[in-house]
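Contents: one structure, followed by commentary.
Sequence lines set the chain letters: A, B, ... in the order given, protein chains first and strands last, and positions in each chain run from 1.
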Number of protein chains: 2
Amino acid sequence: MPELDRIDRKILDVLQRQGRMSMTELAEHIGLSASPCAERVKRMERDGVITGYHAHVSPEALGRTLLVFVEIKLSAKSGDVFDKVRKELLHMPEVLECHLVSGSFDYLVKARLSGMSEYRHLLGDILKKLPVAAESHSYVVMEEIKETLMLAVDR
Amino acid sequence: MPELDRIDRKILDVLQRQGRMSMTELAEHIGLSASPCAERVKRMERDGVITGYHAHVSPEALGRTLLVFVEIKLSAKSGDVFDKVRKELLHMPEVLECHLVSGSFDYLVKARLSGMSEYRHLLGDILKKLPVAAESHSYVVMEEIKETLMLAVDR
DNA sequence: TCTGAAAGGGTTGATGG
DNA sequence: CCATCAACCCTTTCAGA
């Protein structure tokens with residue numbers, strides 16, 4: 001991955017905040033004309049620095065009012081099991097995040113659900129589809145203080 | 001918040017995946033001409049259904065190779081303390097998520113860091129700035145299986 | 001609410017500094 | 001690596017259904 005200069009980083013900063021800003025306006029913000037600005041953006045898209053552009057939607061507007069984190073501990077830990085878990089969780093749209101963690105549990109899953117019925121269904125799915133799920137522990141979110149994917153660009 | 005019909009939901013589905021798609025192309029995808037399509041998008045922006053558009057940036061490209069979750073348990077639980085925690089964590093750019101959870105701990109914090117030195121710094125900040133932080137427990141992510149904010153629109 | 005058309009503005013690529 | 005410019009495409013608005 002190539003180096004990012006100050007202009008690249010400024011572009012990333014702006015596009016992380018306003019992903020639909022026009023190249024013309026973006027160019028003004030960073031003090032460049034439109035063509036080289038657009039070229040830098042394209043280069044970063046090609047290089048995988050910018051991985052995509054996404055509208056963010058209010059979970060409440062879609063009725064997903066329940067946010068839960070689920071810790072899952074597997075009893076067996078073969079490579080096969082990890083692969084299967086990956087595949088299963090990737091295709092559950094209510095699962096927004098899944099990470100393999102070190103420490104006292106194996107997976108940390110974040111899911112947005114419409115209510116307790118969907119929650120019960122999720123847990124059932126996980127424990128049934130996973131070949132050797134042993135323990136699971138859930139945390140219900142009472143208040144969301146912050147949720148973003150925006151990274152500081154530093155400089 | 002108003003009802004979302006099938007067309008609205010289709011628009012949300014597409015814009016969550018491709019947030020910079022032109023209104024012309026979006027209109028083709030959903031089988032409408034450009035004007036009413038743009039109008040629907042504007043309406044959903046006004047109503048807070050669409051909360052923004054954001055470029056997503058590769059954490060590796062910015063050197064943020066360490067992803068950690070930190071559980072924080074407060075010893076005192078006055079309203080004052082919660083307010084202070086909120087304010088502090090909101091202004092730490094390395095903190096991507098923070099949630100108040102029920103269960104055996106109080107806050108769940110997700111942070112992307114450049115390494116152990118920044119990790120030490122974060123923990124120091126948290127435990128120093130928080131008036132009454134008692135326990136903290138960290139989980140280092142070994143593998144990221146999924147990370148998205150995209151919600152299923154159902155229908 | 002939609003379609004279609006027209007005017008204004010944005011994007012893109014060639015050219016030259 | 002940047003600015004300029006022209007051709008093309010997109011956005012926005014408005015009339016009409």
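Within 3.5 Å, a donor on the side chain of S35(A) pairs with an acceptor on the base of dT4(D), or the reverse.
Of the N and O atoms on the side chains of E94(B) and Y119(B), not one donor lies less than 3.5 Å from an acceptor on the other residue.
One atom, NZ of K42(B), and another, P of dT12(D), lie 5 Å apart when rounded to the nearest Å. Rounded to an integer number of Å, the gap from CD1 of I7(A) to P of dC2(D) is 5 Å. When rounded to the nearest whole Å, the span between CD of E39(B) and C1' of dT1(C) equals 8 Å.
Here CZ of R155(A) is found 9.5 Å from CG of L62(B). Values are rounded to the nearest 0.5 Å. How far CG of L12(A) is from CD1 of I7(A): 12.0 Å, rounded to the nearest 0.5 Å.
Looking at D47(A), its side chain never comes within 3.5 Å of a backbone N or O of V49(A) through a donor-acceptor pair.
Within residues 9-34 of chain B, the residues having any heavy atom under 4.0 Å from DNA chain C are, by residue number, L32(B), S33(B).
Across all their heavy atoms, L4(B) and A61(A) have their closest contact at CD1-O, 3.8 Å.
Counting any heavy atom pair closer than 4.0 Å across all strands shown, R40(B) reaches sugar-phosphate atoms only and no base atom.
Among the nucleotides dT12(D), dA14(C), dC2(C), the one closest to the side chain of P36(B) is dC2(C).
A tilted orientation is assigned to the rings of H99(B) and F69(A), their planes being inclined by 30° to 60°.
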